[in-house]
2 protein chains.
Amino acid sequence: MSSAAFIPPRRILMGPGPSDVAPRVLEAMACPTIGHLDPAFVGLMDEIKRLLQYAFQTENSLTMPVSGPGTAGMETCVVNLLEPGDTIVICQNGVFGNRLKAMAERARATVVSVKDPWGRAVDPENLEAALKATPKARYVAFVHAETSTGALSDAETLAHLARRYDCLTIVDTVTSLGGSRLQVDAWGLDAVYSGTQKCLSCTPGLSPITMSGRALSVVQSRTTPVQSWFMDVGLVIGYWGSGSKRTYHHTAPINALYSLHEALCMLKEEGVENAWVRHRRNHDALQAGLEVLGIQFIVPREERIPQLNAVKVPDGIDEARIRQRLLDEWQIEIGSGLGVLAGKIWRIGLMGYSSRSDNVIAFLSAFGNLLADEGLSVSGREAAQEAQRVLQA
Amino acid sequence: MSSAAFIPPRRILMGPGPSDVAPRVLEAMACPTIGHLDPAFVGLMDEIKRLLQYAFQTENSLTMPVSGPGTAGMETCVVNLLEPGDTIVICQNGVFGNRLKAMAERARATVVSVKDPWGRAVDPENLEAALKATPKARYVAFVHAETSTGALSDAETLAHLARRYDCLTIVDTVTSLGGSRLQVDAWGLDAVYSGTQKCLSCTPGLSPITMSGRALSVVQSRTTPVQSWFMDVGLVIGYWGSGSKRTYHHTAPINALYSLHEALCMLKEEGVENAWVRHRRNHDALQAGLEVLGIQFIVPREERIPQLNAVKVPDGIDEARIRQRLLDEWQIEIGSGLGVLAGKIWRIGLMGYSSRSDNVIAFLSAFGNLLADEGLSVSGREAAQEAQRVLQA
């Protein structure tokens, strides 16, 4: 059994997450651990809450990081809102919509599925038809940016629809927070969760969530206990709530929270709207370069997530071999497809600190050269030049 | 809203956890993030599993860190084993036994409580009486080292008893792993969870667990789904299982796992048995010094957890004020009481990297001086000298 120090290989993370973490965020993470009830730490928690409110564009007092990955944030929203027998309409257009359904069923809710093709945004008309046909529905859940397919849905329109039918919304913003326009209060979203390892470019392991007053009052008027003690928001807010009095619930992941704080400071310094613009600009450049290479997106242009580009593997190309060569020869990680898209697509991320023009250029050069090497008559240099033109426009 | 870098104050962590993290563990945590499916990371996961098997003294193939704090590990064990209607006997002699009960009830199990006084070990006779009276019991849960009271129970005896009555055991080793003798296989423990922020002296946020073949086969023959999708071991082992093929379940907390690996390397280098001896030796020194100060333990000598010392607040002393002054004037953090012990006890931890002779001496000097300052006729210097004598014996 080895017990030698682990030295990670050099990588450029351009997959579906984690994205590259800025050096100052890594440095923050390595600060000495202090206690989870230390007055200095309680002050940091307050700052993290305020910075998360800024990132989510909300005034919700219940805004905090769940001490687990995005999947734990998803389940936190589902199990706190749903009681056995509740009816929820779930929009499913990829892996994460399906996961929401699995969780809601395990919370013993009745699920009405609204299915849209993988690679397409959620169709508001399909949702409205389901809401009309389901007068018992109390909740609507959907994924803002479907990481498995690269499709961005119109969260504002879907949320307005849900509200018209008197439903609360559960919204997955794992891949959109910090990368695509997201306005929790202006759009009237109710229970929203995200992850730290995508456009916030923080280390993975935390899940920021925010809940509207409407959602919180539903949680507080439950007639059955939340099935998870760990995720019970009513207990967790004893620790993450306001004021100097904090009640121990679980030991917070201190150093991960140092890093989240620093990543949020970076977002604040840049300005969240500027971050949205940056993600869009680098996407436009990548898209232009990929077009030169003859690579096709699986999502129609107006429904694409800028920071997660899902593209078809050309006929005759071994997708795993290209990923392996990108990793081995260029230290670039991109992602494969999930579920029914496994083997058929690549997912190219430009998220957070990884959303940089030099990454776009380096990727297109490397990717184009590898495709040429595998027999396609394309040029990485030309693709990179086209991207450069877009970046300079 | 501030967005300045957070610089934590200097602290010596001698509370109930987190404990001080070694510099090399903090450095490991700050290594650049790589992907959770990167071949290099998969190799690291295998090493972490082997090192955790060593720490737990087990060959269980299902040995891995849950991506959440100890509370998530506790709930993972409870919800994977218990099905609605199952009967479990839970030994409650502190906060964490109570928490096990709350979780088991939320998993819709029938709970039979075995209560022992706070500050005492679990009495095997009480457990046996409950088992005799509960032929339907299929599980026994208990806390090896009750962090809330400082009482260490005889896990080996309790586990043998449980097995005689054909019950599987769920065992909390959050504060014992790496600090007190713990032999999962030799003692026949079934579902065991721990935390990283106590005697492993890693950053908080992960929960190592291990399950025996018997426990795993119960999980695999469930007739109802595990109520938590996030904690469903049957899904998580698709990622943490063996071989090079890993299926995405959630994004692993990469940097936290770097730090866990480094902390486990330190344990391996020291040798787990040597770590047990070190924790005992520093406890003996602290105990001798506290006796000089006239400070009394709430736990009988032979039932004390060496690494977590729960002591009575002397009459007329403001316990919060002493803790505040220790923090402000000496940068030393100790813990207060939980639940019914709030305001009545202090909890002095000597865990992992914090279990050092210089910490024992520094604490006794500071603590004794503060008590003298508050009007007790004691001497910090004499207490420290007594501890020094024990350390040099």
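Each chain gets a letter, A, B and so on, in the order its sequence line appears, and its residues count up from 1.
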S.K.: So what's closer than 4.5 Å to chain B heavy atoms on A:Val226: side chain, backbone, both or neither?
M.R.: both
S.K.: Heavy-atom cut-off 4.5 Å, strictly under: side chain, backbone, both or neither for A:Leu206 against chain B?
M.R.: neither
S.K.: Identify the heavy atoms of A:Glu47 and B:Ala4 that sit nearest to each other, and give their distance.
M.R.: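 Of all heavy-atom pairs spanning A:Glu47 and B:Ala4, the closest is OE1-O, 4.3 Å.
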S.K.: What part of B:Phe96 lies closer than 4.5 angstrom to a heavy atom of chain A: side chain, backbone, both or neither?
M.R.: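 Side chain only.
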S.K.: Among A:Phe41, A:Tyr258, A:Trp229, which has the most heavy-atom pairs under 4.5 Å with chain B?
M.R.: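 Among A:Phe41, A:Tyr258, A:Trp229, the one with the most close pairs to chain B is A:Trp229.
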S.K.: Need one label for B:Arg99: side chain, backbone, both or neither, based on atoms under 4.5 Å from any heavy atom in chain A.
M.R.: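 Only the side chain of B:Arg99 comes within 4.5 Å of chain A.
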S.K.: Might you confirm whether atom CD of B:Glu59 has over 12 heavy atoms from other residues, nucleotides or ligands at distances under 6.0 Å?
M.R.: no
S.K.: Rounded to the nearest 0.5 Å, how far apart are OG of A:Ser228 and CE of B:Met231?
M.R.: 4.0 Å
S.K.: With a 4.5 angstrom heavy-atom cut-off, is it the side chain or the backbone of B:Leu327 that approaches chain A, or both, or neither?
M.R.: side chain
S.K.: With only heavy atoms counted, which part of B:Gln227 is less than 4.5 Å from chain A, the side chain, the backbone, both or neither?
M.R.: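 B:Gln227 touches chain A through backbone and side-chain heavy atoms alike.
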S.K.: Pick whichever of B:His249, B:Met266, B:Gln324 has the most heavy-atom pairs under 4.5 Å with chain A.
M.R.: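 The answer is B:His249.
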S.K.: Is there side-chain contact between B:Thr33 and A:Pro204, with at least one heavy-atom pair below 4.5 Å?
M.R.: yes
S.K.: Is chain A contacted by the side chain of B:Phe6, its backbone, both, or neither, given a heavy-atom distance below 4.5 Å?
M.R.: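 Both backbone and side chain.
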S.K.: Can you tell which part of B:Ile48 gets under 4.5 Å to a heavy atom of chain A, answering side chain, backbone, both or neither?
M.R.: neither
S.K.: Heavy-atom distance under 4.5 Å to chain A: side chain of B:Val95, backbone, both or neither?
M.R.: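 Contact with chain A: none, neither part.
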S.K.: Is B:Ala28 close to chain A through its backbone or its side chain, or both, or neither, when contacts mean heavy atoms under 4.5 Å?
M.R.: neither
S.K.: What distance do A:Tyr248 atom OH and B:Ser148 atom OG have between them, rounded to the nearest 0.5 Å?
M.R.: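 OG of B:Ser148 is found 9.0 Å from OH of A:Tyr248.
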S.K.: Between B:Ile12 and chain A, with a heavy-atom cut-off of 4.5 Å, which part of the residue counts as in contact: side chain, backbone, both or neither?
M.R.: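 Contact with chain A is absent: no heavy atom of B:Ile12 under 4.5 Å.
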S.K.: If I take atom CG from residue B:Leu37 and atom OG from residue A:Ser336, how far apart are they, to the nearest 0.5 angstrom?
M.R.: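 With rounding to 0.5 Å, CG (B:Leu37) is 7.5 Å from OG (A:Ser336).
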S.K.: To check you understand the geometry: which heavy-atom pair defines the closest contact between A:Thr251 and B:Pro18, and what is its length?
M.R.: CG2-CD, 4.0 Å
S.K.: Can you say whether A:Leu235 sits under 4.5 Å from chain B via the side chain, the backbone, both, or neither, judging by heavy atoms?
M.R.: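 Only the side chain of A:Leu235 comes within 4.5 Å of chain B.
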S.K.: Among B:Ala107, B:Ala40, B:Gly15, which residue forms the greatest number of heavy-atom pairs with chain A at distances under 4.5 Å?
M.R.: B:Ala40
S.K.: Closest heavy-atom contact between A:Gly35 and B:Leu13?
M.R.: N-CD2, 3.9 Å
S.K.: Would you mind telling me which of B:Gly70, B:Ser67, B:Ser19, B:Ser259 has the largest number of heavy-atom pairs within less than 4.5 Å of chain A?
M.R.: B:Ser67
S.K.: Identify the heavy atoms of A:His250 and B:Pro69 that sit nearest to each other, and give their distance.
M.R.: CD2-CG, 3.5 Å
S.K.: Picking from A:Glu105, A:Glu75, A:Arg11, which has the most non-hydrogen pairs under 4.5 angstrom with chain B?
M.R.: A:Glu75
S.K.: Picking from B:Pro9, B:Gly68, B:Ala102, which has the most non-hydrogen pairs under 4.5 angstrom with chain A?
M.R.: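 So the answer, after comparing B:Pro9, B:Gly68, B:Ala102, is B:Pro9.
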S.K.: B:Asn255 pairs by side-chain contact (heavy atoms from CB on, under 4.5 Å) with which of A:Val25, A:Asn255, A:Thr203?
M.R.: A:Thr203
S.K.: Would you compute the distance between atom CD of B:Gln331 and atom CD1 of A:Ile34 and round it to the nearest 0.5 angstrom?
M.R.: 12.5 Å
S.K.: Do you know which of B:Ile254, B:Val21, B:Asp38 has the most heavy-atom pairs under 4.5 Å to chain A?
M.R.: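 Looking at each option in turn, the highest pair count goes to B:Asp38.
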S.K.: Would you name the heavy atoms of B:Pro32 and A:Pro8 that are closest together and state the gap between them?
M.R.: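 B:Pro32 and A:Pro8 have their closest heavy atoms at O-CG, 3.7 Å.
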S.K.: Rounded to the nearest 0.5 Å, how far apart are OG1 of B:Thr71 and CZ of A:Phe230?
M.R.: 7.0 Å
S.K.: Give a yes or no answer on whether the side chain of A:Arg106 reaches the backbone of B:Pro225 with a donor-acceptor pair at less than 3.5 Å.
M.R.: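 Checking the backbone N and O of B:Pro225 against the side chain of A:Arg106, no donor-acceptor pair under 3.5 Å is found.
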